[in-house]
Amino acid sequence: MLLVAVRPGVGTKAEVCFRRPDGRVEARPSESVAALLLQSAAPWRAFRWYSGQKHYSGMYWAATVGVHVIYESRLELARLLFADFDPWVRGIVAQPFLLKAEVEGTVRKQIPDYLVTCEGGPVVVDVKPCDRLSKPAVASTFAWTRQAVESRGWRYEVWSEPPSAELDDVRFLAGYRRDGLFNPELLQELRRFLSGWRRVEGRRPVRSWEETPTTWPRWSWTSSAKKSVRWWRSGPAICGRC
């Protein structure tokens, strides 16, 4: 099994358990698990709603993968929105595996929130509000998880609240992410028309039906176009975070 140093003198053995689409559970040493194998993994935890639950759970239809992806909080939904808009992202899997590791003689377990496959390689994502990151138990868990993931050669990301202006823009654009609702010939004409479009400094989007025909191309632009997009608001571009 993979040996991961959480800190000098401490060894960790890591194992990945994942659930196949038919429900079968498979466990492997972390170094033998390929990201491609996990693209079809079923969410590790049972997904359910119940009266009085503390978190807002649901399913989001991701245009990137063409299927519903689950989330267990509004913050996780925000991360899904950003991943779905990012032109570098090729795959999104929720709760892709259970990571087991022996840390200082104790078996620790962690279920990452997402596995995001990008052009640059896999990214394992844990979503947590900023005000909880300093808690000792949370910091310890993310520390050994990062060591295990990065020793595998993958990237690890702890994602917290994004700037509200960026989230508002991406949430708005996500309403027009379904390509089947738009006429391809009309979109081609719009792309030619918008090819010379430039952002007007200080302009804010007009959120009305009049803008609907030109909104979907902004969500589904080619990678080269998306990489250069800037928002109407003065905030930085979000593309390429993965």
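Just the heavy atoms: all of them, side chains too, but no hydrogens, waters or symmetry mates, feed the values below. Bear in mind the structure is a predicted one, so any value in this text is a computation, not a measurement.
- In this structure a side-chain-to-backbone donor-acceptor pair under 3.5 Å is present from Arg152 to Val33.
- Glu15 and Ser30 form no side-chain donor-acceptor contact under 3.5 Å, judged by distance and modelled atom types alone.
- A 4.5 Å side-chain heavy-atom check between Glu150 and Thr145 finds every atom pair outside the cut-off.
- Checked against the 6.0 Å centroid threshold, Trp159 and Tyr114 do not count as a close aromatic pair.
- A donor-acceptor pair is defined here as one N or O able to donate and one able to accept, closer than 3.5 Å; no such pair exists between the side chain of Ser140 and the backbone of Pro136.
- Looking at Arg177, its side chain does come within 3.5 Å of a backbone N or O of Ala174 through a donor-acceptor pair.
- Side chain of Arg90 to backbone of Thr64: no donor-acceptor contact under 3.5 angstrom is found.
- Between Arg28 and Glu26, at least one side-chain nitrogen of the basic residue sits less than 4.0 Å from a carboxylate oxygen of the acidic one, meeting the salt-bridge criterion.
- The aromatic rings of Trp154 and Phe97 sit tilted relative to each other, their planes meeting at an angle between 30° and 60°.
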For residues 120-132, please give each side-chain donor-acceptor pair under 3.5 Å, one per line with the distance, not counting sequence neighbours.
unit_1	atom_1	unit_2	atom_2	d
Asp126	OD1	Gln110	NE2	3.2
Asp126	OD1	Asp113	N	3.4
Asp126	OD2	Gln110	NE2	3.1
Asp126	OD2	Tyr156	OH	2.5

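- Judged by distance alone, the side chain of Ser32 and the main-chain N or O of Pro29 form a donor-acceptor pair under 3.5 Å.
- Under the salt bridge (Lys or Arg N to Asp or Glu O under 4.0 Å) criterion, the residue pairs touching residues 62-72 are Arg45-Glu72, with sequence neighbours excluded.
- Side chains of Thr141 and Arg108: a donor-acceptor N/O pair is present below 3.5 angstrom, by distance only.
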